[in-house]
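Worksheet: the structure to be examined is printed underneath.
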Amino acid sequence: MSASRIWEFRSESGHVSGTDLVGFHVEATDGPIGKIDKHSEEVGASYLVVDTGPWIFGTRVLLPAGTVARVDQHDKKVYVDRTKDEIKNGPAFDPSHGTGTDYRAGYDAYYGPFYVGPFL
């Protein structure tokens, strides 16, 4: 996956376009991180906003859709392919900045390198 594709849900994730993911629990590779508060399916700009609750002091984090490895519709869980620390150390989410191209550049710089290389 290229850095530019981190803003698209993977076809193998099981995400069905039009599915309301708000309220789904989110699981990092090493445990739960919170619930989806908001999501976007905008072409080339899809993302999740996750309310982390007490995990990182009630902070909300933005995750590009490409981090979603699997969506379990039955159990209402979304599995992402990043660890808690990788998510916690990612760019701070500031909803007042919107989610335009300039704002997403910080996420491209942080998450993009996870998805480039000889193994992808």
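For the numbers below, each heavy atom of this structure counts, side chains included, while hydrogens, waters and symmetry mates do not.
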Notebook entry, point to check: Can Tyr79 and Lys77 be said to form a side chain to side chain contact (heavy atoms under 4.5 Å, CB included), step by step?
Noted result: CA-CA 6 Å; Tyr79 295 86; Lys77 287 187 179 181; 3.4 Å; yes
Check: Do Asp81 and Arg10 meet the salt-bridge criterion of a basic N to acidic O distance under 4.0 Å?
Finding: yes
Notebook entry, point to check: Between Phe93 and Arg60, is there a cation-pi geometry (under 6.0 Å to ring centre, at most 45° from the normal)?
Noted result: no
Next item on the list: Would you kindly check if the NZ (Lys) or CZ (Arg) of Arg82 is within the cone defined by 45 degrees around the ring axis of Phe114 and under 6.0 Å from the six-membered ring centre?
Entry: yes
Min side-chain heavy-atom separation [X]-[Y] under 4.5 Å:
X     : Y     : answer
Leu21 : Val71 : yes
Glu8  : Ser46 : no
Thr29 : Val80 : no
Ile33 : Val78 : no
Val68 : Leu48 : yes
Phe24 : Asp75 : no

Note to self: Minimum heavy-atom separation for Pro113 and Ala109, please, with both atom names.
What the structure shows: CD-O, 3.2 Å
Item checked: Tyr107 versus Pro91, closest heavy-atom pair with distance -> OH-O, 3.6 Å
Notebook entry, point to check: In terms of ring plane angle, is the pair His15 and His39 parallel, tilted or perpendicular, where the classes change at 30° and 60°?
Noted result: perpendicular
Notebook entry, point to check: With under 30° as parallel and over 60° as perpendicular, where do the rings of His97 and Tyr103 fit, or are they tilted in between?
Noted result: parallel
With rounding to the nearest 0.5 angstrom, report the [atom1] to [atom2] distance, [X] to [Y].
X     : Y     : atom1 : atom2 : value
Glu27 : His25 : CD    : NE2   : 8.5 Å
Asp20 : Glu41 : CG    : CD    : 9.0 Å
Leu62 : Ser40 : CG    : OG    : 9.5 Å

Margin query: Checking the side chain of Tyr111 only, and the main-chain atoms of Gly90 only, is there a donor and an acceptor separated by less than 3.5 Å?
Written below: no
Check: Is a side-chain donor or acceptor of Asp30 paired with a backbone partner of Lys84 at a separation under 3.5 angstrom?
Finding: yes
Check: side chain to side chain contact (heavy atoms under 4.5 Å, CB included) between Ile6 and Thr67: does it pass, once the steps are laid out?
Finding: CA-CA 7 Å; Ile6 65 170; Thr67 63; over 6 Å; no
Item checked: side chain to side chain contact (heavy atoms under 4.5 Å, CB included) between Val50 and Asp37, worked out -> CA-CA 5 Å; Val50 180; Asp37 186 47; over 6 Å; no
Item checked: side chain to side chain contact (heavy atoms under 4.5 Å, CB included) evaluation trace for Val16 with Phe9 -> CA-CA 9 Å; Val16 178; Phe9 286 97; over 6 Å; no
Note to self: Using the rule side chain to side chain contact (heavy atoms under 4.5 Å, CB included), only one of Glu42, Arg104, Lys38 pairs with Tyr47; which is it?
What the structure shows: Lys38
Notebook entry, point to check: Checking side chain to side chain donor-acceptor pair (under 3.5 Å) for the pair Ser96/Asp94: CA distance, chi angles, key distance, verdict?
Noted result: CA-CA 5 Å; Ser96 69; Asp94 183 348; 2.6 Å; yes
